[in-house]
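Below: the structure, in structure tokens.
Model, not experiment: these values are computed from the prediction.
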Amino acid sequence: MNKFLRNWGFELLTPHKHIDAEGKIAAFCIVYTATEHVELESNGKTMSLKPETFFFLPQNCSFSVPQPYHYAVLVWFTAELLANHPQLMYYINQSLLFQDKTGTAVDNHFLPYDALLKQYVSPLLNRKVNPIFKKNLLTNFIEFIIIRSLLESDPMLIENTQHQYEKEIASKFSHLVTQNGQHDITVEEYAEQLNMTKRSLDRAIQTVYGFSAKKFIDAKITDMAKVRLRGSAVPVKNISQDLGFSQESNFTIFFKKHTGVTPLQYRESSSDLPEMSTAN
């Protein structure tokens with residue numbers, strides 16, 4: 001299974017790794033060069049990154065790292081990972097960091113290599129560390145480097161208090177979708193629970209996450225399905241019913257549309273893997 005079908009991951013660009021993602025990637029990507037000069041191809045453009053650089057690539061980009069490196073790091077994530085962090089998603093969608101299709105480089109003046117290695121890299125690559133802890137740690141890492149990079153490159157965004165109303169709506173909406181966990185609850189029904197119109201809810205979610213409320217629901221349900229398929233032997237039929245699908249076939253069509261594989265294929269491919277991809 002293509003690792004970029006996962007909604008988050010972290011790995012070293014070590015000599016046995018070759019990153020070739022020429023197809024459009026749905027995830028946001030961050031390359032950290034650590035102590036090395038890194039050459040990569042981004043949307044057909046050759047980029048040369050100096051040591052101690054964070055390089056931000058937007059969704060739907062294509063890139064490749066033609067040669068291996070010993071210390072450079074690749075992080076990727078989708079909005080699913082940050083569904084409970086509307087403020088951070090707002091920064092991601094509104095800032096300059098992820099706007100350039102060929103990538104944006106920011107010098108690392110705020111997190112020494114030794115500290116980054118100890119606090120983040122080592123535990124994230126340790127297979128004995130609980131995957132849930134890794135997920136939370138990676139979220140904290142992404143939040144830290146994005147906010148500190150914004151302070152370096154786009155400081156006015158941090159000070160900007162616009163769209164606070166939309167962020168509050170997005171937070172409440174995310175909580176409701178997670179709490180209900182049902183695919184068959186419509187955007188209109190959620191809007192009614194929040195005492196607002198569907199149009200207002202869609203506008204708020206679009207402002208914060210960069211896509212519609214319906215797509216947000218689909219992303220959350222897909223993420224819930226992945227967790228259950230990966231973490232249990234519960235029959236697919238039962239999972240589909242729990243998530244609000246009237247028939248297992250409808251769930252299969254939905255899941256394949258959003259991941260590229262069927263529920264059974266996903267379970268089989270991820271049965272012996274932790275939640276995120278790590279180096280061997």
Side-chain angles (χ1 to χ4, degrees), residues 5-10 26-30 56 58-59 75-95 97-98 119-120 123-124 129-150 157-158 160-183 185-187 189-191 193-196 200-231 239 242-244 258-259 274-276:
L5 292 177
R6 301 172 182 273
N7 61 13
W8 58 288
F10 179 99
F28 297 96
C29 295
I30 304 173
F56 300 88
Q59 289 178 303
V75 177
W76 72 92
F77 63 94
T78 67
E80 292 172 319
L81 176 66
L82 305 176
N84 296 322
H85 300 266
Q87 180 74 55
L88 183 56
M89 279 307 304
Y90 174 75
Y91 289 152
I92 289 171
N93 286 310
Q94 300 297 323
S95 74
L97 293 180
F98 292 98
Q119 295 175 27
Y120 297 107
L124 284 168
V129 174
N130 185 290
I132 295 176
F133 176 82
K134 286 184 178 181
K135 181 177 181 179
N136 292 333
L137 183 62
L138 184 67
T139 302
N140 292 338
F141 176 58
I142 291 169
E143 181 173 26
F144 177 80
I145 61 175
I146 285 177
I147 297 226
R148 290 306 301 267
S149 295
L150 282 174
L157 184 70
I158 300 293
N160 194 340
T161 58
Q162 285 185 327
H163 304 302
Q164 190 59 41
Y165 174 68
E166 286 83 357
K167 295 170 197 172
E168 291 176 2
I169 291 173
S171 181
K172 292 177 182 177
F173 177 62
S174 175
H175 176 73
L176 282 176
V177 175
T178 302
Q179 187 177 51
N180 290 323
Q182 295 290 298
H183 173 258
I185 299 179
T186 66
V187 176
E189 289 173 304
Y190 280 116
Q193 292 182 54
L194 293 168
N195 296 313
M196 61 181 13
S200 295
L201 177 57
D202 259 325
R203 184 167 57 244
I205 301 305
Q206 185 71 43
T207 297
V208 174
Y209 288 101
F211 49 73
S212 69
K214 177 61 169 63
K215 186 172 181 180
F216 182 93
I217 295 171
D218 289 347
K220 287 289 281 187
I221 295 300
T222 301
D223 196 36
M224 292 178 190
K226 287 179 178 179
V227 171
R228 298 182 192 191
L229 288 165
R230 184 173 54 237
I239 293 175
D242 290 343
L243 294 175
H258 292 283
T259 66
E275 185 174 356
M276 61 185 289

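- Heavy atoms only, all atoms of each residue included: Asp223 and Glu80 are closest at N-OE2, 4.0 Å.
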Residues Leu176, Gln179; criterion side-chain contact (heavy atoms from CB on, under 4.5 Å); working and verdict = CA-CA 5 Å; Leu176 282 176; Gln179 187 177 51; 4.2 Å; yes
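- Within the model, atoms CD1 of Ile217 and OG of Ser174 stand 11.0 Å from one another, a figure rounded to the nearest 0.5 Å.
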key: Stepwise side-chain contact (heavy atoms from CB on, under 4.5 Å) check, Thr178 with Asn84   = CA-CA 9 Å; Thr178 302; Asn84 296 322; 4.2 Å; yes
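- Phe10 does not carry Lys134 over the face of its six-membered ring by the limits of under 6.0 Å from the centre and within 45° of the normal.
- Across every non-hydrogen atom of Asp202 and Ala213, the tightest pair is OD1-N, 2.9 Å.
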Return a table of donor-acceptor pairs under 3.5 angstrom between the side chains of residues 136-148 and protein atoms on other chains or two or more places apart.
residue: Asn136; atom: ND2; partner: Ile132; partner atom: O; Å: 3.4
residue: Thr139; atom: OG1; partner: Lys135; partner atom: O; Å: 2.9
residue: Asn140; atom: ND2; partner: Asn136; partner atom: O; Å: 3.3

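- Annotation: side chain of Ile221 is not in contact with side chain of Gln182 (no heavy-atom distance under 4.5 Å).
- Across Lys220 and Ala83, no two heavy atoms sit closer than the pair CD-CB, 3.6 Å.
- Listed here is the closest heavy atom pair of Ala170 and Ile205: CA-CD1, 3.7 Å.
- With values rounded to the nearest 0.5 angstrom, Tyr209 atom OH is found 14.0 Å from Lys215 atom NZ.
- With rounding to the nearest 0.5 angstrom, the CG atom of Leu229 is 4.0 Å from the CD1 atom of Ile239.
- A donor-acceptor distance shorter than 3.5 angstrom exists from the side chain of Gln94 to the backbone of Thr207, with no hydrogens or angles considered.
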Working for side-chain contact (heavy atoms from CB on, under 4.5 Å), residues Asn180 and Gln193 = CA-CA 12 Å; Asn180 290 323; Gln193 292 182 54; 4.0 Å; yes
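- Taking CZ from Arg228 and CG from Leu243, the interatomic distance works out to 4.5 Å, rounded to the nearest 0.5 Å.
- The CE atom of Met196 lies 15.0 Å from the OH atom of Tyr190; values are rounded to the nearest 0.5 Å.
- A heavy-atom distance below 4.5 Å is not found between the side chains of Met224 and Val227.
- Between atom CD of residue Glu166 and atom CG of residue Leu201 there is a gap of 11.0 Å, rounded to the nearest 0.5 Å.
- A perpendicular orientation is assigned to the rings of Phe98 and Phe56, their planes being inclined by more than 60° (bins at 30° and 60°).
- In this structure, Trp76 and Leu81 have side chains that are not in contact, with every pair of non-hydrogen atoms separated by 4.5 Å or more.
- Ala79 and Met89 get closest at one heavy-atom pair: CB-CE, 3.9 Å.
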